[in-house]
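Written below as structure tokens is the structure these notes are about.
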Amino acid sequence: MKKGAVKKRKENSLSGYFFVAPATILLFVFIFIPIIISIVLSFTVYNGFALPKWVGIKNYQDAIINKTFIRSMENTIVFSIVTVPIQTILSLSFAAILAAKFKNSYGQFVRGTMFIPALCSAVLAGTVFYYLFASDSEAMINYLLSIFGFEKVNWLGRKTTALAVVCIVSIWKNVGYFLVMFYAGIMEIPASLYEASRVDGASSMQQFIYITIPSIKPIIYLVLSLSTIWSFQVFDITFSMTEGGPGNATISPVMVIYREAFKNGRIGFASALACILAIIIMIVTLTQRKAFNEKVGVN
Amino acid sequence: MKKAVAFLLALTLVISCMAFALADDKPYAGVSLTMCQAPFTGDDLTYWAETMAKFEEETGIKVETSVFDWDNVEAKYLTAFMGGEGPDVFYTTKEISYSLNEAGALLDLTPYFSEEEKAEQLYWDNAYALGAQIAAPYASGMNFRGYVYNMDYLAKVGITSENQLPETREELIELCEKIKDADICEYPILYSCGGGAGEACATLYPALWSAGADVMNEAGDAVTLNTPEALGTLQFFYDLMHKYEVLSEDSISMTCSDVVNLFNEGKVAVAAIGFDDLFTNTDKDFEYEISYGVSDGAHEVKCFSPLDTISVNPNSKNVDASIVLLKWLLTDEARQSFRENLYGGLKRMNASEGACSTGCEKLDAVIDLGSHAHPFAATKNCDAMRSQIWSIFQMMLMDEYSPDEALQEMQTICEELYNQ
């Protein structure tokens with residue numbers, strides 16, 4: 001009887017391994033192995049054609065003093081500081097308003113409409129906004145400004161406004177996505193909590209601050225993490241709108257990695273840049289997690 | 001029964017002999033090649049499908065054509081070659097020749113062409129680079145860059161004929177100041193100072209060459225950017241924007257297409273553009289004239305004259321068949337078909353061709369650039385250098401660098417790239 005139970009347990013384990021094998025193989029082939037190869041290549045000089053040549057930590061030494069990479073990190077810090085709070089606050093505010101006042105078909109329509117930018121291609125969004133923010137007086141934004149008596153602005157030709165426009169496009173694209181997440185979280189909060197607080201005389205704002213926000217803290221943490229990670233990975237919007245220009249005003253770390261790997265043929269150096277970027281993202285994410293005092297997988 | 005078998009054997013023998021006979025006419029029958037071409041009309045694939053069908057009829061070689069996008073063509077080619085999927089025959093430019101050569105993607109064509117065949121190609125020697133005949137000349141003079149003037153505006157400040165057009169930077173500045181003071185148009189002068197590094201060939205590089213300056217020396221083994229002539233060139237652009245205020249800051253975000261559109265809308269008095277537009281869009285509501293550009297007064301005006309080429313992959317599935325395709329593309333008939341269907345501005349490329357017209361009289365008068373032509377030199381990391389130079393140039397226009405600081409930075413970065 002005991003032998004039979006052990007045999008059955010082994011059979012169950014084996015079948016479990018078979019079920020997870022395809023996903024595990026895909027993870028190894030498309031995630032883990034390329035990461036390991038990239039880490040190894042980061043210690044070599046490799047142009048994609050000749051054999052890699054081992055150079056130790058030289059790529060990392062060059063990376064930390066590379067002016068373009070440093071500039072891209074500065075741009076990313078500014079980009080994160082601007083976009084992360086704004087898109088979090090905007091998406092949370094919209095979600096709270098929709099959950100409180102528009103739990104009807106109109107609310108569904110608004111949610112669906114706001115989610116559309118998240119679905120559209122970032123390259124398409126960048127291209128469309130490039131023409132909206134073009135510098136001539138008949139581009140849409142400058143034309144609207146002229147109606148109200150303002151001078152036209154060279155949006156994509158000045159370093160401050162170019163980065164600001166990229167931030168606007170990124171916020172536009174992400175707000176709908178995070179709104180859906182916040183809305184789902186808010187709808188999970190028991191209505192009895194709000195009723196009880198109403199009885200105690202709490203205002204809408206007090207309900208929002210003392211009930212809604214603490215209840216959706218895990219979702220806020222998730223949104224902040226995701227938007228921070230995405231801000232470090234931005235590439236397609238800046239590439240399609242400004243190609244990192246004017247000058248290096250909107251260049252991002254991923255764009256630097258792309259240029260070094262595929263335009264300059266320095267795959268080893270690009271791999272080192274990618275490893276440094278990954279480490280920075282990990283540090284930032286862990287710092288955020290500590291600040292939020294969240295455990296992985298625990299609500 | 002025996003008769004039937006004998007008849008069948010005889011029939012088989014006859015059919016085999018016929019097959020051999022047919023095969024002699026098409027020695028490459030059954031060979032498949034891939035070709036990558038540049039985009040010209042937006043419907044290039046249809047043209048190439050029809051053209052290659054005729055080629056297959058003649059030679060038996062089946063060719064599958066793809067058309068690349070000008071954006072990041074180098075990265076796309078290199079990625080394809082890295083993955084072992086590079087095309088057999090492909091369109092190239094001088095700017096990307098170095099990296100393709102490093103990738104071992106360019107066959108030396110010297111042993112495959114006779115002296116007569118080389119002499120037939122008018123620009124054969126121009127396609128020689130990096131110590132080998134790495135390509136055959138395919139298209140020269142395409143979209144060469146120069147200056148175009150709205151003569152309606154120039155007439156208002158006293159310039160009424162092409163003989164009065166500015167020839168030096170000082171004359172150009174004087175003209176632009178007059179236009180600005182007369183307040184007759186939105187932009188006295190426009191250069192495409194935005195977009196990718198390719199715009200440098202319409203803006204910065206011709207200005208450098210017209211002052212006797214260049215990024216590399218003639219041998220291509222030393223960076224020679226840090227010269228008084230180059231500094232004068234950077235100072236010229238800086239002053240146009242910040243001292244004389246005739247070059248709008250809007251230009252920092254403009255590509256050549258943006259400048260062309262604004263010129264055609266009648267908003268610009270003087271523009272530095274590629275001349276493709278002049279024969280593809282003749283509907284202008286004003287008189288215009290063109291010139292090669294302006295110099296510093298001490299040197300001849302130079303303008304960027306692209307020489308686009310066709311190369312063969314040495315790792316092609318069938319090098320001999322690829323050479324057959326290449327030679328076919330260089331024939332008079334193929335060139336004429338190219339002109340009629342893809343790009344009417346193609347210059348006369350073969351010695352046996354008659355005179356060619358772009359369809360635009362003004363352009364026909366200047367398209368043979370002669371000594372004004374200056375190609376882009378294929379040197380080590382030339383494209384990466386151009387990218388960096390362009391970024392620093394834009395930062396200078398945004399006042400992040402003085403011209404002197406910008407030049408020092410360009411020199412340093414170019415030396416680092418060359419010594420990699």
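Numbered from 1 within each chain, the chains take letters A, B, ... in sequence-line order.
- The structure places CZ of A:Arg158 at 8.0 Å from CG of B:Asp250, a figure rounded to the nearest 0.5 Å.
- Taken to the nearest 0.5 Å, the OH atom of A:Tyr130 stands 6.5 Å off from the OG atom of B:Ser253.
- Shown here are the side-chain hydrogen bond (donor to acceptor under 3.5 Å, both in side chains) partners of A:Thr228, two or more places apart in sequence or in another chain: A:Gln288.
- Contacts of B:Asp383 with chain A are made by side-chain atoms alone, with heavy-atom separations under 4.5 Å and no backbone atom involved.
- Atom OH of A:Tyr177 has 12 or fewer heavy atoms from other residues, nucleotides or ligands within 6.0 Å.
- A distance of 10.5 Å separates CG in A:Asn264 from CG in B:Leu78, rounded to the nearest 0.5 Å.
- Counting heavy atoms of neighbouring residues, nucleotides and ligands inside a 6.0 Å radius, atom CZ of A:Phe115 exceeds 12 of them.
- Checking side-chain atoms of A:Asn154 against main-chain N and O of B:Glu249 turns up a donor-acceptor pair under 3.5 Å.
- For chain A, the nearby part of B:Asp258 is the side chain; its heavy atoms alone come within less than 4.5 Å.
- Against chain A, the residues from residues 188-201 of chain B that qualify, each with a non-hydrogen atom under 4.5 angstrom away, are B:Gly196 in number order.
- For B:Met82, the parts lying near chain A are the backbone and the side chain together; criterion is any non-hydrogen pair under 4.5 Å.
- Between A:Lys159 and B:Met398 the shortest heavy-atom distance is N-SD, 3.8 Å.
- Heavy atoms of other residues, nucleotides or ligands lying less than 6.0 angstrom from CD1 of A:Ile33 number more than 12.
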Please set out all donor-acceptor pairs under 3.5 angstrom arising from side-chain atoms of residues 265-283 of chain A, sequence neighbours excluded.
| from | atom 1 | to | atom 2 | distance (Å) |
| --- | --- | --- | --- | --- |
| A:Arg266 | NH1 | A:Glu260 | OE1 | 3.2 |
| A:Ser271 | OG | A:Ile267 | O | 2.8 |

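- Around the NZ atom of A:Lys67, the shell of radius 6.0 Å holds no more than 12 heavy atoms that belong to other residues, nucleotides or ligands.
- In B:Phe286, the CZ atom is crowded: over 12 heavy atoms of neighbouring residues, nucleotides or ligands sit closer than 6.0 Å.
- Listed by sequence position, B:Ser387, B:Gln388, B:Ser391, B:Gln394 are the residues of residues 387-394 of chain B in contact with chain A, using a 4.5 angstrom heavy-atom cutoff.
- Heavy atoms closer than 4.5 Å to chain B are found in the side chain of A:Phe239, but not in its backbone.
- Contacts of A:Thr68 with chain B are made by side-chain atoms alone, with heavy-atom separations under 4.5 Å and no backbone atom involved.
- Here B:Ser99 contributes atom OG and A:Phe49 contributes atom CZ; the two are 8.0 Å apart, rounded to the nearest 0.5 Å.
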(request) Check the pair B:Lys267 / A:Glu138 against salt bridge (charged side-chain N to carboxylate O under 4.0 Å, His left out), numbers first and verdict last. (result) CA-CA 12 Å; B:Lys267 295 181 179 177; A:Glu138 284 173 16; 3.3 Å; yes
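- Counting non-hydrogen atoms of neighbouring residues, nucleotides and ligands closer than 6.0 angstrom, the CG atom of A:Leu51 reaches no more than 12 such neighbours.
- For the set B:Met395, B:Met254, B:Glu400, B:Met396, the count of heavy-atom pairs under 4.5 angstrom toward chain A peaks at B:Glu400.
- Residue B:Ile413 does not touch chain A at all, counting heavy-atom pairs closer than 4.5 Å.
- Other residues, nucleotides and ligands contribute at most 12 non-hydrogen atoms within 6.0 Å of the NZ atom of A:Lys58.
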